[in-house]
Amino acid sequence: MTILSSISDRLRRAELDVLAAGLGVVLALALFPLRFLSSQIFIVTLPILLGVGSLLYLAAARGRGTTDGLPTLAPSLVRLISAGVFFGLAVMVVLAAVQGERSILFMDVGGVVGALLLGQILLAPDDELRPSVFLAEILVYSFVVRFAALYTAPGYIGIDIWSHTTFVQMILQADSLSAINDIKYYASPLFHLLTAASTHLLDLSLRNALYLSLGVAMPLVPILVYGTARLLVPLRWALAAGALYAMGDQVVRWGIHLIPTSLGLLFFLACLYCLVRITHASERWRDFGLLVLFSTAVILTHQVSSFIMLVLLFAGFVAQVLLRFDFFTEDPDPLSFSGGGSTPVNLAGLVGFNLGLIVFTWSLTPYQGDTFLETVINYLVLNLFNAGFLQGVGGSGGSAGASGAAGSAGQTFLSQLSTYVTEAGFLMLVFAGLLGCLTVLNRSRATQTTYTFVGAIVAMLFVVLGLPLVGIESFVPGRWFAYLYALLAIIGVLGFRHLANRTSLKVVGVILLLFVLVYPNVMIMSNDGAMDSPAFPDQHERLSYTEQELAAIDTYESARSSQRGGELYTDLPYGTVWERTNAYPAEPLPAEDGRPVPQGITAYREYQSQSASYFPNEQDVATNLDPSKTEVCPPTTNYVYANGEVTICSLPGAN
């Protein structure tokens, strides 16, 4: 008993943040050899980030005094930069209008504007930190980046949006939700009802109604991140959190690919704000009521979003339990957070309510001939039985779209560069989040709010990075990033603030300078946020379509025979639009010996010969072949449609 008591006393005196940082160094060393088993970007980079971040925090933890923080710019220079930001945003609007797309030049200017905006926030004197001006810059930046994509693309951007707008059209035609009673969104219809209602109330086309309702709301989400961070940290760092989130590629993604995930993200951020108000700023019944309202809205909008929200609330409940023990209490730190109480708030009832509502709605949701709950459980069990270490890792790729399945004999420099550009922003946020998590693990800064953030970040990183390593993707990890970004941005500025006050200017200056110069540029060029116009068109598929490509779908659908026989074969992702709009049953055009094989009815578009489009080979692996028109539609086939960019041909005797 004496030994156990001694160990317990030592643990009580130990600093959890220092222990965690030391464990981080050990874990980084243990994970480092994995780079010799796989060249996947996260396996190569995360051990390095973990080791560097942990060592940096240990160095900062040695000193207990505070420094002068960051240097500041002259007030006149701050105002000049503000004018330059707005001028740059105006240039971006002109470029998008003249060039008809978000071109490389548009992205270059956007990166410079983002760097000026972020640098201005970090270096402005306290007297020049005018929230109205800086928030206006952040919001205008958000609107320009997103609407430049929405209104330069002739059609919708993305894949799933074509299905969801088809569902909305079905609801509008039937004037009833019963039109989708066999679709999984029948029990979670808020997105479709909102879009249908906007179409009626605004008296606009479905596309414009969607853009002017949810499309307008999505650029405003940085306000929720700023408001949440403002409850924890001073103004400068709250503005930095809002700017980091506004520039995030995954955040831009759901601002231009407007589907239930987008609305679910909006409600999730509202839940996060209300939860922090409850656990940190107040315990008013109004805040509880709003949290119940928004969490219910998430459940009635999107299944994956509701599960993510449940993870956040459960992390808050676990933090509540942990903070009941004296082990986590300490005298307040002088660099602790703005306000905030130390008494944990009981979230058990809220977690139980949301869990019950989720199970109830999922039990009513039809999906693949069964209920959504049963299908998800069966799929998860199947994945668990087939799991294997590094099974989900292949090549050097990071997050996967259609190109994620593409295989090649070796990784070219350009493909590696595009992968690192796409993932660099996320890795930088993870680094910032690591510093922030270590900062709040100090017992003098332990609150239910901070431990909720740490628990939710660990759980979400496990889903998006850990489970895919063993081939488990039942939780759709690609949808979690934008939600995770909010937590990383808020907790990350806590880490930056700690470094700014506990380390030398050289150390924190180098780190923040890298963020200012690199983060905005890689985020705006990342494929995840540039689906409409990839910066690396030979490496990533374009998920928007030209007027001729869309015209081919409309024309051929209306002109084809009423007899629905056979399928139309074309590339990925073009075939998804044919399929999801019910224009024509579509299948991927197969390839043999590295060349496409024409089928009964085949659609060729010039894009197939110029940029990234995919065809499944004999091993059912999608490959980018860049075929010529005569390979897809040989002269021996019948040309039944052509409009300059798209040609539809059929083999003799095909329907």
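None of these values were measured; they are calculated from a predicted model.
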Once salt bridge (charged side-chain N to carboxylate O under 4.0 Å, His left out) is applied, do any residues pair with Arg146, and if so which ones, sequence neighbours excluded?
none
Glu579 side-chain N/O to Ala586 backbone N/O, donor-acceptor pair under 3.5 Å
yes
Do the side chain of Thr152 and the main chain of Ala96 share a donor and acceptor less than 3.5 angstrom apart?
no
Rounded to the nearest 0.5 Å, how far apart are OH of Tyr519 and CZ of Phe426?
11.0 Å
Polar side-chain atom of Thr581 near backbone of Val577 as donor-acceptor pair, under 3.5 Å:
yes
Whether Tyr156 and Trp162 hold their rings parallel, tilted or perpendicular, with breakpoints at 30° and 60°
perpendicular
Taking disulfide (SG to SG under 2.5 Å) as the cut-off, I'd like each qualifying pair that reaches into residues 591-622, sequence neighbours left out, listed once.
none
Verdict with supporting geometry, Arg542 and Glu549, salt bridge (Lys or Arg N to Asp or Glu O under 4.0 Å):
CA-CA 12 Å; Arg542 169 171 52 83; Glu549 290 169 347; 3.6 Å; yes
Anything under 30° is parallel, anything over 60° is perpendicular, the rest tilted; go ahead and classify Tyr545 against Tyr574.
tilted
Please tabulate, one pair per line, all N/O donor-acceptor pairs under 3.5 Å involving side-chain atoms of residues 181-194, not counting sequence neighbours.
residue, atom, partner, partner atom, Å
Asn181, ND2, Ser178, O, 3.3
Ser188, OG, Ile299, O, 3.2
His192, NE2, His164, ND1, 3.0

Close side-chain approach of Leu589 and Asp571, heavy atoms under 4.5 Å
no
Quick check: are there more than 12 heavy atoms from other residues, nucleotides or ligands sitting under 6.0 Å from CD of Gln610?
yes
Any side-chain heavy-atom pair of Thr296 and Phe267 under 4.5 Å:
no
Has the side chain of Gln40 got a donor or acceptor atom that lies under 3.5 Å from a matching backbone atom of Phe42?
yes
Considering all heavy atoms, the nearest Leu204-Ala209 contact:
CB-N, 4.2 Å
Run Ser363 and Thr371 through side-chain contact (heavy atoms from CB on, under 4.5 Å) and show every step you take.
CA-CA 6 Å; Ser363 299; Thr371 67; 5.5 Å; no
Treating Gln608 as the side-chain partner and Ala603 as the backbone partner, does any N or O pair qualify as donor plus acceptor under 3.5 Å?
yes
Those residues that, when tested against Cys271, pass disulfide bond (SG atoms under 2.5 Å apart) (two or more places apart):
none
Is Ser262 reaching over with its side chain to a backbone N or O of His257, donor-acceptor style, under 3.5 angstrom?
yes
Would you check if Leu427 and Leu46 make a side-chain contact, meaning some heavy-atom pair closer than 4.5 Å?
yes
Do the side chain of Ser609 and the main chain of Pro627 share a donor and acceptor less than 3.5 angstrom apart?
yes
Does any N or O in the side chain of Trp254 come within less than 3.5 Å of the main-chain N or O of Leu266, such that one atom is a donor and the other an acceptor?
no
What verdict does the side-chain contact (heavy atoms from CB on, under 4.5 Å) test give for Leu572 and Glu541, after you've listed the backbone C-alpha separation in whole Å, the side-chain angles of each residue and the deciding distance to 0.1 Å?
CA-CA 9 Å; Leu572 290 171; Glu541 68 278 14; over 6 Å; no
Thr365 OG1 to Leu373 CG distance, which is reported to the nearest 0.5 Å
9.0 Å
Shortest non-hydrogen contact from Gly111 to Pro520?
O-CB, 3.8 Å
Is a side-chain N or O of Ser213 found less than 3.5 angstrom from the main chain of Leu210, in a donor-acceptor match?
yes
Where Ala482 and Val251 come nearest, the two heavy atoms and their spacing
CB-N, 4.4 Å
Any side-chain heavy-atom pair of Ile601 and Tyr584 under 4.5 Å:
yes
To the closest 0.5 Å, what do you measure between OH (Tyr483) and CD1 (Ile308)?
5.0 Å
Contact summary for Tyr569 and Gln599, nearest pair of heavy atoms:
CD1-CB, 3.3 Å
side-chain contact (heavy atoms from CB on, under 4.5 Å), that's the test. Do Ile180 and Ile171 meet it? Break it down for me.
CA-CA 7 Å; Ile180 60 170; Ile171 294 173; 3.9 Å; yes
Asp370 side-chain N/O to Thr375 backbone N/O, donor-acceptor pair under 3.5 Å
no
Are side-chain heavy atoms of Arg580 and Asp160 found at a separation under 4.5 Å?
yes
Is there side-chain contact between Glu618 and Asp593, with at least one heavy-atom pair below 4.5 Å?
yes
Can you name the side-chain contact (heavy atoms from CB on, under 4.5 Å) partners of Ala424, sequence neighbours left out?
Val522
Between the CZ atom in Phe536 and the OG1 atom in Thr422, the distance rounded to the nearest 0.5 Å is 7.0 Å
Distance from Leu543 atom CG to Asp532 atom CG, nearest 0.5 Å?
9.0 Å
Derivation and outcome, side-chain contact (heavy atoms from CB on, under 4.5 Å), residues Leu312 and Phe268
CA-CA 9 Å; Leu312 175 69; Phe268 171 85; 3.8 Å; yes
The criterion is ring pair (Phe, Tyr, Trp, His ring centres under 6.0 Å); which residues satisfy it with Tyr379, sequence neighbours excluded?
none
Quick check: closest heavy atoms across Pro468 and Val464, and the distance to 0.1 Å?
CG-O, 3.4 Å
Between Phe143 and Phe147, how do the two ring planes meet: parallel, tilted or perpendicular, split at 30° and 60°?
parallel
So how far is it from Gln99 CD to Leu105 CG, rounded to the nearest 0.5 Å?
5.5 Å
Are the side chains of Ile256 and Met218 in touch, meaning some heavy atoms are under 4.5 Å apart?
no
Hey, does Leu429 have a side-chain heavy atom less than 4.5 Å from the side chain of Met523?
yes
Taking all atoms of both residues into account, what is the closest heavy-atom pair of Ala530 and Ile524, and its distance?
CB-O, 4.3 Å
Under a 3.5 Å cutoff, is there a donor and acceptor pairing between the side chains of Thr45 and Tyr420?
no
Between Tyr639 and Tyr604, does a ring pair (Phe, Tyr, Trp, His ring centres under 6.0 Å) hold up when you go through it step by step?
CA-CA 11 Å; Tyr639 285 22; Tyr604 165 83; 9.3 Å; no
